[in-house]
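Data first, discussion second: the structure below is written as C-alpha cells.
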Amino acid sequence: MSHILLIDDERKLTDPLRSSFERAGYNVTVANDGYAGLSMAMVEKPDVILLDVMMRGLDGWQVCQAIRQHSSTVPIIMLTALDDSTDRIKRLELGADDYLVKPFSYKELESHVRAMLRRVKLDQGDHTPARITVGDITLDLEAHTITKSGQEIVVRQKEYEIPTLLMSNTGKVITRGRLFDEVCGTDWLGDTRTLDVHMSWRRGKLEDDPTHPVYLQTVRGVGCKSSA
C-alpha cells in the first residue's frame with residue numbers, strides 16, 4: 001500500500017482528499033502546517049509527498065528545500081494557486097518533481113500520484129516478472145496470454161487486465177475504485193453492475209467452479225482479490 005503525505009493547511013481540501021485516496025487503497029497521513037509536515041516527512045518516509053505552496057509559518061518552498069537536504073528521491077508534487085514562469089523555475093530549483101494548479105479534481109491529482117509512483121519503480125528497477133503463476137493459471141505479461149493447466153484461454157484485452165491486476169497482488173484486496181480506475185476506465189466510474197458482469201464473465205472462463213471462485217473473489221463492500 002503506497003503511503004501519501006499530504007501537507008496543506010486548508011482542511012476543506014485535506015479532508016476530502018484524504019477520504020478519496022483512502023477509498024482508492026492508499027495510506028494517507030495529513031499535516032496541517034509546514035513544521036509538522038517536515039517532521040512527518042523525515043520520520044514516516046512516505047512514498048510521495050503532496051505539498052501546498054502557500055502555508056502560514058513554514059511555506060511549501062521552505063519545506064521542499066528542507067526535505068531535499070535529506071532525500072533526493074521521494075517524489076514531491078507541489079500544490080499551488082499560481083501558474084507562472086517564476087513558480088515553475090523555483091519548483092525546479094528546489095527539487096520538486098511535479099506541480100498542480102488549484103483548483104484541481106481528485107482524479108487529476110491521483111493520476112499525477114500514480115505517474116510519480118510508476119517512475120520511482122522504474123528508477124529502482126522494480127520490474128514486473130514476465131510471467132505470473134497462481135495455482136494452475138499462468139499469465140504471460142509479454143504475450144498477453146492466459147493458460148489454465150497448460151491450455152491457452154482465448155480472452156479479449158479487457159478480460160486479461162483484471163486477472164493480471166488481481167494475480168499480481170495475490171492475497172491483497174484491490175478496491176473497486178482502483179479496479180475502475182486502472183482497468184475499467186473512468187467512464188465506468190460508479191457503474192458497479194458493469195464491473196460485476198465483467199467479473200462474472202472472467203470467472204466463467206478461469207474458475208473450476210464460478211460459484212466458488214478462487215482466482216477472482218469478491219470481498220463484499222470492499223473490492224476483489226485473488227487467492228493462491
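What you see below is based on every heavy atom in this structure, not just the backbone, and it leaves out hydrogens, waters and symmetry mates. None of these values were measured; they are calculated from a predicted model.
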**OP:** Kindly determine whether I137 and I146 satisfy side-chain contact (heavy atoms from CB on, under 4.5 Å), including the steps that lead there.
**Re:** CA-CA 7 Å; I137 301 289; I146 300 178; 3.9 Å; yes
**OP:** May I have the step-by-step check of side-chain contact (heavy atoms from CB on, under 4.5 Å) for M116 and L50, ending in yes or no?
**Re:** CA-CA 11 Å; M116 288 292 103; L50 307 180; over 6 Å; no
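Cluster membership for M42 and V74, using ILVMFWY side-chain heavy atoms within less than 4.5 angstrom, is shared. If you chain together hydrophobic residues whose side chains sit under 4.5 Å apart, I162 and V222 never meet in one group. When the side chains of ILVMFWY residues are joined at heavy-atom separations under 4.5 Å, either directly or via intervening members, L216 and V173 end up in two distinct hydrophobic clusters.
Taking the salt bridge (charged side-chain N to carboxylate O under 4.0 Å, His left out) definition, one finds that R68 meets it with D97, sequence neighbours left out. Evaluation of the side chain to side chain donor-acceptor pair (under 3.5 Å) rule for T138 yields T133 as partners, not counting sequence neighbours. Listed by chain and number, the residues in a ring pair (Phe, Tyr, Trp, His ring centres under 6.0 Å) with Y106 are F21 (sequence neighbours excluded). The side chain to side chain donor-acceptor pair (under 3.5 Å) test applied to T164 returns no partner, not counting sequence neighbours. Shown here are the salt bridge (charged side-chain N to carboxylate O under 4.0 Å, His left out) partners of E44, two or more places apart in sequence or in another chain: there are none. In terms of the side chain to side chain donor-acceptor pair (under 3.5 Å) criterion, residue partners of K102 (sequence neighbours excluded) are, by chain and number, D8, D52.
Taking both residues in full, the closest heavy atoms of A41 and I67 are given as CB-CD1, 3.9 Å, listed atom of the first, atom of the second, then distance. Here the shortest heavy-atom pairing between V53 and D59 reads O-CB, 3.4 Å. Residues S227 and V134 approach most closely at O-CG1, 3.6 Å, considering heavy atoms. Scanning both residues, L206 and P163, for their nearest heavy atoms gives CD1-CG, 3.7 Å. Scanning both residues, Y35 and D33, for their nearest heavy atoms gives N-OD1, 3.0 Å. Closest approach of H112 to E108, counting heavy atoms only: CD2-O, 3.0 Å.
Counting only distance, with no hydrogens or angles, the side chain of E152 and the backbone of T145 share no donor-acceptor pair below 3.5 Å. Between the side chain of Q217 and the backbone N or O of V214 there is at least one donor-acceptor pair closer than 3.5 Å. With hydrogens and angles disregarded, a donor-acceptor distance shorter than 3.5 Å links the side chain of S20 to the backbone of P16. Under a 3.5 Å cut-off, the side chain of Q151 and the backbone N or O of K148 do not form any donor-acceptor pair. Judged purely by atom type and a 3.5 angstrom limit, K205 uses its side chain to pair as donor or acceptor with the backbone of V154. No donor-acceptor pair closer than 3.5 Å links the side chain of S39 to the backbone N or O of A36.
Heavy atoms of other residues, nucleotides or ligands lying less than 6.0 angstrom from NE2 of H70 number more than 12. At most 12 non-hydrogen atoms from other residues, nucleotides or ligands lie less than 6.0 angstrom from CE of M54.
Side-chain contact between S168 and I132: present, with at least one pair of heavy atoms (C-beta onward) separated by less than 4.5 Å. Residues T29 and P46 have side chains not in contact (no heavy-atom distance under 4.5 Å, counting atoms from C-beta outward). Within the 4.5 Å cutoff, no side-chain heavy atoms of L166 are placed close to those of R202. Side chains of L17 and E10 form no contact here, defined as non-hydrogen atoms less than 4.5 Å apart. Between R18 and D15, the closest side-chain pair of non-hydrogen atoms is not below 4.5 Å. In this structure the side chain of L117 reaches within 4.5 angstrom of the side chain of Y26, judged on heavy atoms. Between L79 and F104 there is a side-chain heavy-atom pair separated by less than 4.5 Å. For the pair L13/L6, no side-chain contact is recorded, criterion being any heavy-atom separation below 4.5 Å from C-beta on.
Residues D136 and Y215 bring a donor and an acceptor atom of their side chains to less than 3.5 Å of each other. With no hydrogens or angles considered, no side-chain donor-acceptor pair links T147 and R131 at under 3.5 Å.
Of the inter-residue distances, the one linking L51 atom CG with L38 atom CG reads 10.0 Å to the nearest 0.5 angstrom.
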